[in-house]
Structures are given as C-alpha cells and as structure tokens.
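These values consider heavy atoms only, across backbone and side chains, with no hydrogens, waters or symmetry-generated copies. Numbers restart at 1 for each chain; the letters A, B, ... are given by sequence-line order, proteins then strands.
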Amino acid sequence: MFKPARMKKLKILTLDAYSNSVVSALHEEEIVQIHDISERIQQDAEWKQILKPSKATAYTGKLSSLQMKTTGIVDFLKSAERKEGGILKSIVGFINPKVPEKREVEDLGTEALIERAESILGEVEGQTKTIENKINVIDSEKNELNSALNIATKLQNIDIDFSDLEDTNYTSAIAGKMPSAQFEEFKKEAASITDQIVILEQDAEEDTKILIVVTLKEYGNKVSALLRRFEFELYNTSGLSGKPAAIIQSAESRINEIDNEKAQLMNELADIAGKWKDDLLVLKEQLDIEKNRNEIFSFFGETNKTLMLEAWVPVKKADKAVEIIKESSDGYSIIEVTDPEEGDDIPIHLDNPRFAKPYEMFVHMYSPPGYKEIDPTIFLALMFPFFFGFCLTDAGYGIADALIGIVLILGLGKVNKMMRNMGIILVTGGIWAVILGFITNSFLGNLYGQFIVGDPNAAVPGTIEAVNAFAHPDAILIMAITVGVIYTIIGLIIGARNNLVAGKTKEALGEQIAWLMIFVGVGLAAASFLLGLSSILLYLGGALAIIAIIMFIYVNGPFGIMDLMGMIGNILSYARLLALGLATGGIAMTVNIFVGLVGGIPYIGLILIPIVFIGGHIANGAFQTFGGVINALRLHYVEFFGQFYIGGSQKFRAFRTKRKITTLGGK
Amino acid sequence: MVLEIGAALVAIGAGVAIGFAGLGSGLGQGIAAAGGVGAVAEDKGMFAQGLIFAVLAETQAIYGLLIAILLMLGAGLIGGTPKPISVAAGLAAVGAGAAIGFAGLGSGIGQGITGASSVGAVVEDKDMFAQGLIFAVLSETQAIYGLLVAILIMLGASLLGA
C-alpha cells in the first residue's frame with residue numbers, strides 16, 4: 001500500500017535434466033518475471049567465460065507452425081458454425097455471458113503434445129479438406145456463371161448466338177457498350193476505315209448503346225483502336241455459346257444448384273465444427289503455452305550440463321518460488337535470493353487493497369511508478385469516483401451509470417477482469433453523482449420540478465439550498481476550488497517526501513516545501529481576515545508567505561516566480577468540476593424544455609415526446625459520462641501527478657500460462 | 001410583440017456564444033476527423049478510436065449551446081414571453097456569450113489539432129490511446145474557463161435561470 005510491492009531477485013542454477021520441470025513449474029505458478037540475461041552474457045567478460053547464451057528450444061518452430069495451423073482451422077470452422085439467435089441473444093450474452101468450463105488436461109511434454117496436435121489436425125483436415133476443395137471448385141464455377149449471366153443479360157435484346165462472335169479466319173467480332181452521343185461519329189469514322197463492316201446496335205440504359213461490330217479480320221485491329229477512342233466498354237464473350245436467353249436460363253439454374261450444394265457442404269462443415277471446436281480450442285491453448293515455454297529458454301544462460309536463469313519475484317511470494325524450484329528439481333539446484341541492486345531495472349508490481357485494485361489500470365495507463373516512489377493508486381481509488389460524480393452531478397445519470405456498472409460486474413465482468421473493474425468504477429462514480437446530484441438539485445436536470453411538480457424552479461427533495469447548483473453556483477465553485485487546494489497540498493507533501501527520500505533536499509525546499517508554506521501562510525491570513533480571528537494570525541501568515549517566497553526565489557531563481565501562474569492555473573483547473581456539473585444539469589434542463597416544446601404540437605407531439613426525452617437524455621448522459629471519466633482522469637494525471645509523480649518504470653509481467661479454458665490435472 | 005434593446009442584446013450574446021463556439025468546434029472536429037479518415041484507411045479497426053478523437057471537439061459547441069439557451073431562457077426569449085432586460089444586463093449577456101464563444105473557438109481548434117495527431121499516434125501504437133486522449137483534453141481547459149466566466153457573469157447580472 002502506498003508503495004509498489006517489494007521485489008527480490010532469484011538467481012537459479014539447475015542441471016539440464018531438470019530445466020524443463022523447473023521452467024514448467026514456474027510457468028504454471030505464475031509468480032515470477034523471467035529476466036533476460038542473454039545480453040549480459042554477451043557483454044560481461046567474466047560471465048562470458050563461464051556461460052553461453054541459451055537458445056529457444058528446437059521445438060519452437062514446429063510448435064509455432066502447429067499453432068498457426070490450428071488457428072487457421074479454428075477460424076475456418078468458426079465461419080461455418082451455425083449462428084444462433086439475434087440481437088436478443090447478443091444482449092443476453094452481454095448481460096449474462098456463458099462462463100467457459102475449464103477442461104482438465106495433463107502436462108504431456110513438448111514431444112507428446114506435438115504428436116497429439118499432428119494427430120488431431122490430421123484427422124480434422126482429413127474431414128475438412130475434401131469439403132473445402134469442393135467449395136473452392138463450386139465457388140469458382142459460380143463466379144464464371146455470374147460473369148456469363150452478366151454479359152448475357154446485357155446482350156439479351158440482341159438475337160445472336162454467342163458462338164458467332166468468335167473470331168474466324170476472315171472475320172473479327174467485338175461486343176460492348178458506347179455512349180449514344182458518340183455513336184454517329186464512330187459510324188462515320190468506321191466507314192472511313194472500311195465499308196466491309198456490320199454494326200448491330202441496341203439502345204441501353206443511361207444513354208448508351210450496345211454494339212456488336214463485325215468486320216474483316218484485316219480491319220479488326222484498326223476498328224478496335226477506333227472503338228477505344230470512343231469510350232467503348234468491351235464485353236468478353238469468349239467461351240460463351242448459345243443465345244442470351246438460353247445462357248441466362250441455364251446459368252440461373254446452375255447457380256441455384258450450386259447454392260444448394262454449398263449450403264449442404266456448409267452444413268457438413270458446421271457438423272464438423274460442432275464436433276471438433278472445443279478440442280481444437282483446447283489444443284490451441286496448449287500449443288500457445290508450450291510455445292511460450294520453449295521460447296523463454298532464449299532468456300537463459302547455459303554451460304554443458306547446467307542452465308542458469310534469473311527472475312524477479314514479489315517478496316511475499318519469494319519463499320513459494322524457492323520451494324517450487326527445489327521441488328521441481330529434486331533439490332538439484334542452487335538458488336540465490338537477493339535484494340535489487342543499484343542500477344537494476346526493477347519491474348513494478350502494484351500491491352493495493354482490494355477496493356483500490358480496479359484503479360491500478362489508470363496508473364499503468366499513465367506509467368508505473370518508480371520502485372521507491374509513492375504508488376498513487378489509493379488516492380485515485382478515493383478521489384476518482386468523487387471527481388467523476390462531481391463532473392456529472394446528476395442523480396438520474398448517476399443511477400443509470402451505477403446500473404450499467406452493476407450489469408457489467410454481474411455480466412461481462414464474470415469473464416473479463418477489465419470489464420469488472422470498469423463496472424466497479426462506474427458504480428462508485430455513479431453513487432457519488434447520485435449524492436451530489438440530489439444535494440445540488442439535479443435529477444435529469446429539472447425533471448422533478450418541470451414534469452412532476454409543475455414548477456420548473458422547484459427543488460428535488462433532498463436538495464441542500466446552500467449548494468443548489470443553479471441558485472448558488474458560487475458555493476459549488478468554492479467547494480471545487482477547496483477540493484483542488486487540498487488535493488494539491490497532498491500532492492506537494494508526497495512530492496516533498498519523494499525528494500527528501502531521494503536526498504534532493506534543495507528540490508524539496510524549492511518545489512514543494514515553499515509552496516506548502518505559502519499555502520499555510522495564505523490560509524492563516526485568510527482565516528484571520530475572513531473569520532475575524534486574532535490579527536496575530538494575519539501577521540504570522542503574511543510572514544510565513546514572505547519567507548516562503550524568498551526561499552522559493554533563492555532556490556529557483558527570480559524566474560521561478562513564473563511558476564506562481566502555473567500553480568494558480570492548476571488550482572483554477574479544478575473549477576471544471578463546477579462547470580462540467582452545471583453543463584450536465586443545464587443540458588438536461590434543455591432537453592426537458594425541448595420535450596415541453598414538442599409536447600405542445602398537436603398529435604405528433606405524443607410521438608415526439610418519448611423520442612426527444614429518451615434520445616436527449618441518453619445522448620447527454622453518455623456524453624457527460626465520457627467527459628466525466630476523461631476530466632476526472634485529467635485532474636489526476638495533470639494537476640495531481642504533476643506535483644510529485646515521475647513514473648517511467650516497467651510493469652511486472654509474470655511468466656504466465658494464461659489458461660482460460662484448460663486446467664492442469666490436479667491444479 | 002416588440003423586442004426591447006436589452007433582450008436583443010441577450011440574443012446577440014446567445015448568437016456569439018453558439019456561433020463562435022460552434023465555429024471552433026466545427027473546425028476542430030473537421031481537423032480531427034480528417035486524421036481519423038486517414039487512420040481508418042490504414043487500419044479498419046481504428047474507426048471507434050478515430051470517432052472518439054473527432055467527437056472530443058464537439059464539447060465546445062455544447063458549452064456554447066448551453067450558454068445560448070440559458071441566456072435565452074433568462075431573457076424569456078424561449079419558454080415564455082420576453083422579460084424586461086436592462087441594457088446593462090444585455091451587455092453583460094454579450095460578455096457571457098463572448099466568454100464561451102471565443103474560448104470555445106480557440107479551444108475547439110486546438111483540440112482538433114491534437115486529436116488528429118493523437119489518432120496518428122494510436123495507429124502507430126495502440127497503447128497511445130489514453131495518453132493521446134489526455135493530451136487532446138488539455139485544450140478543453142480554456143473552454144471550461146470560458147464556460148465558468150460566462151456562468152459567473154450571468155449569475156452576477158441575474159440572468160441565470162431567472
């Protein structure tokens with residue numbers, strides 16, 4: 001809490017004979033991050049004498065190709081699966097998704113798994129390949145038929161057998177389309193080439209003419225060149241025979257047959273998909289895990305008989321890691337557990353109480369903290385929902401967000417951790433929006449007053465008059481600024497602590513402590529002035545502020561005073577809490593006014609009222625919720641983190657099997 | 001019905017509010033959407049992200065619309081009969097409209113420029129989405145200041161929801 005998890009470094013040396021079992025045990029336990037030592041072996045002369053870099057195992061390539069093949073077959077069979085349900089099914093799937101049942105599998109070892117994969121894929125391909133080939137053949141036939149159908153349809157009004165359009169020893173024939181406006185000009189120029197030419201014409205759509213031009217072979221090329229100049233679109237009739245009507249009829253009939261054949265083949269594929277899908281998905285997951293396990297060897301070092309690896313592990317799990325390494329190597333291993341050394345790039349594992357866990361993703365989105373830095377997740381967990389609620393400040397939208405959050409937690413949250421976290425964030429933020437909405441008089445804007453009581457200015461029950469948003473926005477502004485000052489002070493305290501821990505006393509004095517003194521000084525003076533307290537406080541506050549400013553200028557130089565504007569800007573930025581809150585209520589009120597206006601239209605008004613009301617409030621609620629998330633996040637990233645946060649570390653990534661649909665026997 | 005000069009000034013204020021805020025929003029949204037179109041051409045999966053960055057710059061127009069409607073309501077130009085508004089209050093309304101209108105103009109364009117760059121960054125690296133969003137939201141501060149000042153002016157001139 002307040003700091004990333006303490007880490008230990010494991011240095012493990014084991015016999016080759018146990019390397020697979022050690023790596024597998026660590027992979028399944030998912031508590032260590034493997035550290036790549038191959039580069040150090042190359043660069044460190046001392047290490048280079050003892051070790052050589054290890055390589056990914058020889059099975060990696062084979063596993064990779066089997067993995068790709070499995071993915072290809074799974075995707076192919078997925079496309080043939082029978083689709084069930086419609087929109088309703090999708091909604092039910094969202095609200096109550098099916099949690100996949102994990103299938104128990106055994107650790108086969110690489111060779112046995114490859115053998116099993118080859119056998120399964122061979123069997124599935126044996127069944128699918130013939131069908132796939134048949135589908136390809138009929139698809140290609142259908143394409144040809146469609147093309148013939150297309151040409152025949154265009155030429156259907158010309159009574160000619162397509163076989164007559166084949167070039168002969170003495171004649172050349174061309175069929176196609178030309179803009180009608182150019183036809184006469186073409187005829188004239190064609191006549192100047194030769195009078196041994198026959199032109200059949202037929203009016204077609206969009207001011208064009210279908211033409212069939214037959215001429216002596218010797219003029220064929222010249223006529224073709226002439227046609228190109230007149231925007232002539234050539235119809236390819238080669239290979240076609242019979243009259244257009246007959247071609248259309250036979251093509252349509254064959255296309256129907258093909259569609260039926262294809263439906264039957266797809267049905268057979270759907271049966272195969274239903275039979276093999278689960279087995280293939282399990283196989284895919286096993287191959288993924290095995291490949292990942294075989295690849296990790298490239299991070300290690302080796303001698304002729306031993307394997308050396310390094311890993312990071314959180315202190316709390318270090319004993320467990322040592323225990324499983326010893327167990328999986330039958331004690332034939334040397335394990336050294338050390339603290340991180342100076343210059344180590346320590347991976348950051350955030351370790352927060354359960355309520356704050358969902359907010360770790362926001363910290364990771366910015367950048368994980370340094371190993372010795374304060375982890376701000378708890379502050380985010382406490383203040384993000386409040387800021388979100390403050391930006392929204394509407395009980396109606398708050399209830400809607402909280403309900404969506406509950407649906408996410410109980411629905412997709414069962415299968416997706418991120419969705420669960422989003423659900424928790426929406427529920428907590430929504431609750432704050434409800435609280436703040438009720439006390440500041442906003443429930444879908446002024447819905448209560450306008451439509452229930454009949455007086456647009458009537459306040460929602462529970463409103464605290466002193467903070468009624470539209471009557472006293474100044475009070476809410478003071479609230480927002482006060483929150484900003486308090487949160488900035490917390491940020492400055494953390495920043496001062498970070499600098500002092502890092503031995504940067506001068507920075508702590510100039511960048512944080514001077515500001516804290518200014519805040520205290522101004523606070524004391526303001527209390528004395530506004531609350532009529534002893535004037536000693538006024539002088540004391542003034543003196544403190546002056547000392548702080550001198551200290552500030554001494555550390556940061558005269559231009560450091562420019563930071564004053566930055567600090568004022570930071571605090572004023574919290575005024576967005578008021579502005580956004582008022583905007584939510586104001587736009588909701590606008591929607592209500594429109595509802596009132598369309599309600600006045602006779603008859604049609606009755607249809608328009610629900611459309612404007614529901615559409616308007618959904619749009620406003622969604623937009624303001626989105627804005628609430630973004631602005632609450634921004635107040636943390638820019639205004640709060642700016643006081644102390646450095647970040648830039650790498651995230652702890654455990655060597656994990658990522659088992660979603662399988663479970664290892666006995667685990 | 002004769003419109004008094006005070007109410008007419010309020011109407012100008014409302015026009016300035018939505019007119020300039022809408023101008024900024026429209027330009028900003030256009031710039032961001034242009035980036036989005038390019039991104040979608042590169043990667044079809046970028047549609048949702050591109051849309052989010054393009055939609056961001058819409059907020060300024062919404063703030064402008066809000067102030068315009070609140071002004072019109074305050075002067076009884078909608079939802080009732082025009083109320084007597086003094087010339088001074090009318091001029092204050094023009095000030096309120098200018099506050100959000102011009103703040104929205106600059107903020108909207110700025111946000112659009114950042115939005116377009118952010119879309120480009122996300123095409124290169126999907127993890128840039130959150131950071132891009134935060135950079136794009138920075139420009140919105142100016143519109144929020146404008147909105148705040150407009151509300152305070154209206155409050156001071158008794159134009160808010162009266």
Side-chain angles (χ1 to χ4, degrees), chain A residues 361-362 364-367 391 446 449-450 456-457 468-474 476-477 480-481 569-570 572-594 596-597 600 619-620 622-624 626-627 629-639 641, chain B residues 18 21 51-53 55-56 58-74 77-80 99-100 103-104 107 111 126-156 158-162:
Chain A
M361 70 173 174
F362 287 148
H364 282 304
M365 259 160 68
Y366 186 85
S367 166
C391 291
N446 62 349
Q450 184 156 354
N457 295 321
N468 185 337
F470 280 92
H472 304 288
D474 45 337
I476 298 177
L477 178 64
I481 297 291
N570 267 346
L572 267 183
S573 188
Y574 284 86
R576 77 185 55 235
L577 295 172
L578 157 78
L580 291 168
L582 273 191
T584 311
I587 294 165
M589 199 167 87
T590 310
V591 172
N592 294 339
I593 290 166
F594 283 144
L597 289 176
N620 187 32
F623 210 86
Q624 302 296 344
F626 177 63
V629 172
I630 299 288
N631 280 288
L633 214 48
R634 176 223 147 99
L635 282 177
H636 278 93
Y637 285 169
V638 182
E639 278 77 16
F641 282 15
Chain B
I18 184 60
L51 202 64
I52 288 173
F53 282 111
V55 161
L56 277 184
E58 178 127 354
T59 333
Q60 288 77 2
I62 295 177
Y63 295 157
L65 179 71
L66 172 70
I67 294 299
I69 288 174
L70 289 177
L71 281 172
M72 289 190 286
L73 266 177
L77 291 173
I78 53 169
I100 184 59
S107 162
Q111 196 161 60
K126 295 274 180 273
D127 290 342
M128 277 298 295
F129 182 71
Q131 285 97 324
L133 213 57
I134 298 300
F135 277 120
V137 163
L138 289 180
S139 303
E140 193 156 321
T141 312
Q142 283 61 252
I144 290 171
Y145 291 160
L147 178 67
L148 186 68
V149 168
I151 289 169
L152 293 176
I153 290 174
M154 288 163 66
L155 191 75
S158 303
L159 283 164
L160 194 65

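Residue F623(A) places its CZ atom among more than 12 non-hydrogen atoms of other residues, nucleotides or ligands, all under 6.0 Å distant.
Across all non-hydrogen atoms, the minimal contact from C391(A) to N631(A) is SG-CB, 4.1 Å.
Using modelled atom types, no side-chain atom of S573(A) and backbone atom of G569(A) make a donor-acceptor pair closer than 3.5 Å. With hydrogens and angles disregarded, a donor-acceptor distance shorter than 3.5 Å links the side chain of S107(B) to the backbone of S139(B).
Heavy-atom distances place no part of I67(B) under 4.5 Å from chain A, backbone and side chain included. The parts of L572(A) that come within reach of chain B are both its backbone and its side chain, each placing non-hydrogen atoms under 4.5 angstrom from that chain. With a 4.5 Å cut-off on non-hydrogen atoms, Y366(A) touches chain B through its backbone but not through its side chain. Heavy-atom distances place the side chain of L56(B), and not its backbone, under 4.5 Å from chain A. With a threshold of 4.5 angstrom between heavy atoms, L578(A) approaches chain B through side-chain atoms but not through N, CA, C or O. Heavy atoms closer than 4.5 Å to chain A are found in the side chain of Y145(B), but not in its backbone.
Each of V638(A), I587(A), N446(A) has some count of heavy-atom pairs under 4.5 Å with chain B, and the biggest count is that of I587(A).
Partners of N620(A) under the side-chain hydrogen bond (donor to acceptor under 3.5 Å, both in side chains) rule, at least two apart in sequence or in another chain, are Y397(A), Q624(A). Partners of E58(B) according to the side-chain hydrogen bond (donor to acceptor under 3.5 Å, both in side chains) rule, which considers only residues two or more places apart in sequence or in another chain, are Q29(B).
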